[in-house]
Amino acid sequence: MSTADTTPTPTPSAPVRIIASPQSWIEGEAVRQLEAVARLPGMRLAVGLPDLHPGKGAPVGAAFTSEGILYPYLVGSDIGCGMGLWDVGMLARKAKAERWASKLDVEGAWNGDVEGFLAEEGVKSTGFEASLGTVGGGNHFAELQRVEAVHDAEAFASLGLAADRLLLLVHSGSRGLGEAILRAHVDRHAAGGLAADSAEASAYLTRHDHAVAWARANRALVARRMLDGIGAPGRRVLDVCHNSVTARRDARGTRWLHRKGAAPADEGPVVIPGSRGALSYLVAPLGDGTGSAFSLAHGAGRKWTRTAARERIKERFTAESLTRTSFKSHVVCENKDLLFEEAPPAYKPIDRVVTDLVEAGLVRVVATLAPVLTYKTRSHAE
DNA sequence: ATGTTC
């Protein structure tokens, strides 16, 4: 017997995999966003990492692979955003955190030779150079850290690191550049994708790749300004991008790997930071990456929205008290709203996120890093 | 996230 089926055919979904233990609380909205992305044309795999949380349309803490079509809106506006780690080249016990907290200033355009700096980094200028070497807003920061514990001495030493030296972790992106690139795309295509073999995809990818390189140079200049401020040399240990789309070619053809708040698992060790009042984890990826879209968590993940964090944290803490943490570290954040929005209770516990990655066989911990001074922003009232 | 935002 045949029956007329009047129900619409469900859009076939790509597999969805969420790498998180039941102890990692993940908002339902983030899961719904992940599932919605998995139903987009061409999608082949959607992976949520343990720091998965809702974003604007698409979730953050996720990686997606597609075939034949790529989606600029999944990368978002901060193309190239990522984490760079520097060996400060100074003993941690020589740190003058209180003095540095009153003095460090990386606001506004750098007064050095920006064009020369970009040339050294091998990056073309963009018209956004007044922002080059600035941290930006939101969850971006530059943080001096000490080594709390070394768990894998060999891997730690192979990065040229020493347990008694300060480190500098820089989280920033492409500032207004990436936003301009996404806006130009969204003006024409909204959330729509681009056929991978189209001229528009090539044009987007060229601009995207430039923003990724510029963002990396931005982190390098933020680091240089911080290092100049404390009078230390500094050496870049690693630098990885967690917002990007890249081509991966294998026997099946080309896959487009979108990372939205997801660190790469195929570029060596990475740092997964907690909140400014928590440890950060230096981890080494394990496994072949195929089940996790070659990606890792990129941080603790937000527990409270910015609005909720402002309200709840204002009730419990004074702004002054938030300039120090349970690690006795210093916080430079002269924007009060931002000080509340980014306070440690607004974030999930980073140890749970990293434990989930360890238990999933995706990383081993090389070292834990404790905050000494977190630089967010210095206000420049006239 | 945002040379933001009138």
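Quick caveat: nothing in here was measured; it's all calculated off a predicted structure. Letters go in sequence order (proteins before strands), and every chain restarts at 1.
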Next on the checklist: Does anything in residues 121-130 of chain A come within less than 4.0 Å of DNA chain B? Heavy atoms only, and list the residues if so.
Outcome noted: G127(A), F128(A)
Next on the checklist: Restricting to side-chain hydrogen bond (donor to acceptor under 3.5 Å, both in side chains), what partner residues turn up for R248(A), sequence neighbours left out?
Outcome noted: D266(A)
Next on the checklist: Would you call the rings of H258(A) and Y71(A) parallel, tilted or perpendicular, taking 30° and 60° as the class edges?
Outcome noted: tilted
Checklist entry - A278(A): what forms a side chain to side chain contact (heavy atoms under 4.5 Å, CB included) with it, not counting sequence neighbours? => result S275(A), I350(A)
Checklist entry - Which of residues 170-185 of chain A have a heavy atom under 4.0 Å from DNA chain B? => result R175(A), G176(A), E179(A)
Item to check | Pairs satisfying ring pair (Phe, Tyr, Trp, His ring centres under 6.0 Å), at least one member in residues 143-168 of chain A, at least two apart | outcome: none
Next on the checklist: Give me each pair satisfying salt bridge (charged side-chain N to carboxylate O under 4.0 Å, His left out) with a member in residues 51-76 of chain A, each pair once, sequence neighbours excluded.
Outcome noted: R44(A)-E67(A), E67(A)-R255(A)
Checklist entry - Can you list every pair that meets ring pair (Phe, Tyr, Trp, His ring centres under 6.0 Å) and has a residue in residues 177-224 of chain A, with sequence neighbours left out? => result H185(A)-H189(A), Y204(A)-H208(A)
In residues 72-80 of chain A, what donor-acceptor pairs under 3.5 Å come from side-chain atoms, sequence neighbours left out?
residue, atom, partner, partner atom, Å
D78(A), OD1, S174(A), N, 2.9
D78(A), OD1, S174(A), OG, 3.4
D78(A), OD2, H140(A), NE2, 3.2

Checklist entry - Which residues satisfy the side-chain hydrogen bond (donor to acceptor under 3.5 Å, both in side chains) test with S292(A), sequence neighbours excluded? => result none
Checklist entry - Which residues pass the side chain to side chain contact (heavy atoms under 4.5 Å, CB included) test with R225(A), sequence neighbours left out? => result V106(A), W110(A), T134(A), L221(A)
Item to check | For chain A, the stretch of DNA chain B it reaches, first to last nucleotide, under 4.0 Å of its heavy atoms | outcome: dA1(B) to dG3(B)
Item to check | Under the side-chain hydrogen bond (donor to acceptor under 3.5 Å, both in side chains) test, residues paired with S202(A) that sit two or more places apart | outcome: none
